[in-house]
Amino acid sequence: MAKVLTSKEENYSQWYNDLVVKADLAENSAVRGCMVIKPYGYAIWEKMQQVLDKMFKETGHQNAYFPLFIPKSFFSKEASHVDGFAKECAVVTHYRLKNSEDGKSVIVDPDAKLEEELIIRPTSETIIWNTYKGWIQSYRDLPLLINQWANVVRWEMRTRLFLRTAEFLWQEGHTAHATAQEAQEETKRMLEVYEEFAQNTMAVPVIKGVKTENERFAGAIETYCIEALMQDGKALQAGTSHFLGQNFAKAFDVQFANKEGKLDYVWATSWGVSTRLIGALIMAHSDNDGLVLPPKLAPIQVVIVPIYKSEEELNRISTVANKLKKELEKKNISVKYDNRDTQRPGFKFAEYELKGVPVRIAIGARDLEYNTVEVARRDTKEKETLSLVDLDAKIEHLLENIQNNIYQKAVDFRDSNITKVDSYQEFKNTLDNKPGFVLAHWDGTSETELKIKEETKATIRCIPLDNKLEDGICIYSGKPSKQRVLFARAY
RNA sequence: CGGGGCGUAGCGUAGUCCGGUUAUCGCGCCUGGUUUGGGACCAGGAGGUCGCAAGUUCGAAUCUUGCCGCCCCGACCA
């Protein structure tokens with residue numbers, strides 16, 4: 001078989017880059033750091049959106065849309081928020097172009113300078129809280145549960161398709177509540193939505209946790225996250241949910257009259273996941289033959305490939321294939337019948353493996369004779385010949401089976417790559433020899449965390465929420481610790 | 001943004017050190033035919049501002065300068 005991808009073992013990051021391009025998910029664009037998401041990659045994002053959007057609606061949220069541009073002055077209102085984003089903001093300074101003197105090029109018209117520069121949103125807290133001020137007067141206006149699907153821009157120095165690009169697509173939820181407790185519950189609720197989505201839909205197991213002060217969102221009181229483990233042993237933050245306290249309400253003066261008629265600042269949350277999830281999806285499941293997609297996110301769940309020697313034979317196969325396609329579609333399974341005459345079967349097999357289609361059905365002359373088809377599953381590469389009788393039900397079951405198998409495989413991988421260590425030496429050895437999550441005692445100080453990061457490049461991914469308390473001593477400082485935290489090198 | 005490497009057809013490349021007719025090869029593409037149960041084969045064909053700009057020279061893919069872009073390594077990050 002002709003090799004199209006660099007193997008994971010040879011060069012993991014090259015494998016990833018090759019895969020994204022060869023599977024036709026995305027490519028680099030003419031704009032530095034920005035990607036073009038191609039139809040096949042975008043179809044995966046659309047599926048993610050559909051599932052998430054339904055979950056948001058089910059938890060009481062509504063979609064809305066806020067501007068791409070944010071007046072510069074808004075940023076300075078919340079001090080730690082500016083600090084967090086100032087270094088990576090794109091700024092609009094002018095609103096007009098004109099022809100250059102020699103007529104050969106177009107230049108920015110110096111007479112069209114904006115009085116106040118506009119920042120292209122790196123996130124929307126400021127414009128949204130500025131808006132919420134006008135929407136909230138009374139406890140009767142609360143809670144306010146809004147989500148928006150949007151693009152954001154963070155001027156990244158080093159970019160990688162899906163994992164880190166200057167512009168990316170995401171959703172950001174922004175909610176306002178009457179009490180701290182309610183906002184905290186919202187923060188946790190959405191974290192659970194993300195967890196459920198990652199595990200049930202993406203088949204990616206995640207660990208829920210709280211971020212340390214260093215890793216916290218700029219402007220948040222508390223940042224919760226879901227952390228996933230990639231096949232190379234590096235961690236990837238797959239989603240975050242923030243309890244913002246009254247920080248933004250105070251910065252934008254959003255007060256409400258409570259039941260007692262007293263004015264109080266509202267309590268806020270924000271939460272988001274991005275197209276980075278596609279990167280997580282790729283790195284969690286795929287192999288050296290290409291993408292492995294969980295059926296729930298696969299744009300094409302089943303592909304049917306005819307194998308024929310004459311046009312007459314193709315016609316007979318097509319009759320069977322089209323009938324099967326209809327039956328499967330009745331069960332809400334997305335099917336592609338690839339009857340292109342320009343490609344040979346072997347080529348198509350390889351192509352759909354590269355693109356991660358979960359199930360492939362091949363139908364040839366032999367099958368016509370015996371009323372069978374050859375069914376191949378992408379996750380295990382197993383092939384079997386099945387009767388056409390009740391095939392639609394069997395395929396439906398197979399897709400569920402694949403979804404579960406992919407998830408279980410990822411869980412096993414994750415679980416076997418969490419290592420408990422009790423000394424700094426052991427910690428460093430583990431990072432170098434058995435990459436993955438490392439559970440270790442930490443004294444709770446930023447100072448220790450930063451030292452460890454500096455020396456090992458590992459960061460505290462989170463303090464797991466379901467952590468059991470356990471007395472121990474910090475692997476770095478030797479000071480007492482009440483619980484282990486989750487370390488890893490991360491994307 | 002600092003250090004290193006690289007830009008030659010849609011993709012991957014040879015040629016660059018040491019300047020010299022018509023820029024190499026493979027994949028892909030087009031046409032015709034034979035094929036079709038794991039990335040087919042034969043024959044013919046099309047496709048190039050050698051990243052951009054300026055300079056040196058009788059002559060530049062090749063030398064010089066500037067710029068742009070990409071990749072890798074660091075600092076920063078979802």
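Numbered from 1 within each chain, the chains take letters A, B, ... in sequence-line order. If you're wondering where the values come from, they're calculated on a predicted model, not measured in any experiment.
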Side chains of residues 302-310 of chain A: which donor-acceptor partners sit under 3.5 Å, not counting sequence neighbours?
{"from": "A:Y308", "atom 1": "OH", "to": "A:D341", "atom 2": "OD1", "distance (Å)": "2.5"}
{"from": "A:S310", "atom 1": "OG", "to": "A:E313", "atom 2": "N", "distance (Å)": "3.1"}

Which part of the nucleic acid, if any, lies within reach of A:E374 when heavy atoms closer than 4.0 Å are counted: base, sugar-phosphate only, or nothing? base
From the candidates B:U36, B:C1, B:C70, the one with an atom nearest any side-chain atom of A:R32 is B:C70
Any strand, both distances under 3.5 Å, Watson-Crick or G-U wobble: B:G7 pairs with B:C68
For A:K457, report the nucleic acid contact type (base, sugar-phosphate, nothing); a contact means any heavy atom under 4.0 Å. sugar-phosphate
Here the distance between atom P of B:G38 and atom CD of A:E382, to the nearest Å, is 18 Å
- prompt: So what does A:F217 touch, heavy atoms closer than 4.0 Å: a base, only the sugar-phosphate, or nothing?
  reply: nothing
Taking the six-membered ring for Trp, are the ring centroids of A:W129 and A:H81 within less than 6.0 Å of each other? no
Those residues at least two apart in sequence (or on a different chain) that pass side chain to side chain donor-acceptor pair (under 3.5 Å) with A:N401 are A:R377
Using the ring centroid of each side chain, check whether A:F75 and A:F85 are separated by less than 6.0 Å. no
**Message:** When you measure only distances, ignoring hydrogens and angles, does the side chain of A:E353 come within 3.5 Å of the base of B:G38 through a donor and an acceptor?
**Reply:** yes
Whole-Å distance, A:Q343 CD to B:A40 C1', equals 11 Å
For a quick check of understanding: with a heavy-atom distance under 4.0 Å over all strands, which category does A:T159 fall into, base, sugar-phosphate or nothing?
nothing
task = Under 4.0 Å between any heavy atoms, over every strand shown, what does A:R360 touch: base, sugar-phosphate, or nothing? Just pick one.
result = base
Looking at the base of B:G38, is there any donor atom on it, or on the side chain of A:K383, that sits under 3.5 Å from an acceptor on the other one?
yes
A:D289 CG to B:G38 C1', in whole Å, measures 11 Å
A:R344 has its side chain closest, among B:C73, B:A78, B:U36, to B:U36
B:C17 -> Watson-Crick or G-U wobble partner, both distances under 3.5 Å, gives none
Walking RNA chain B from its 5' end, the first of A:S29 and A:F168 to be reached, judged by nearest nucleotide, is A:S29
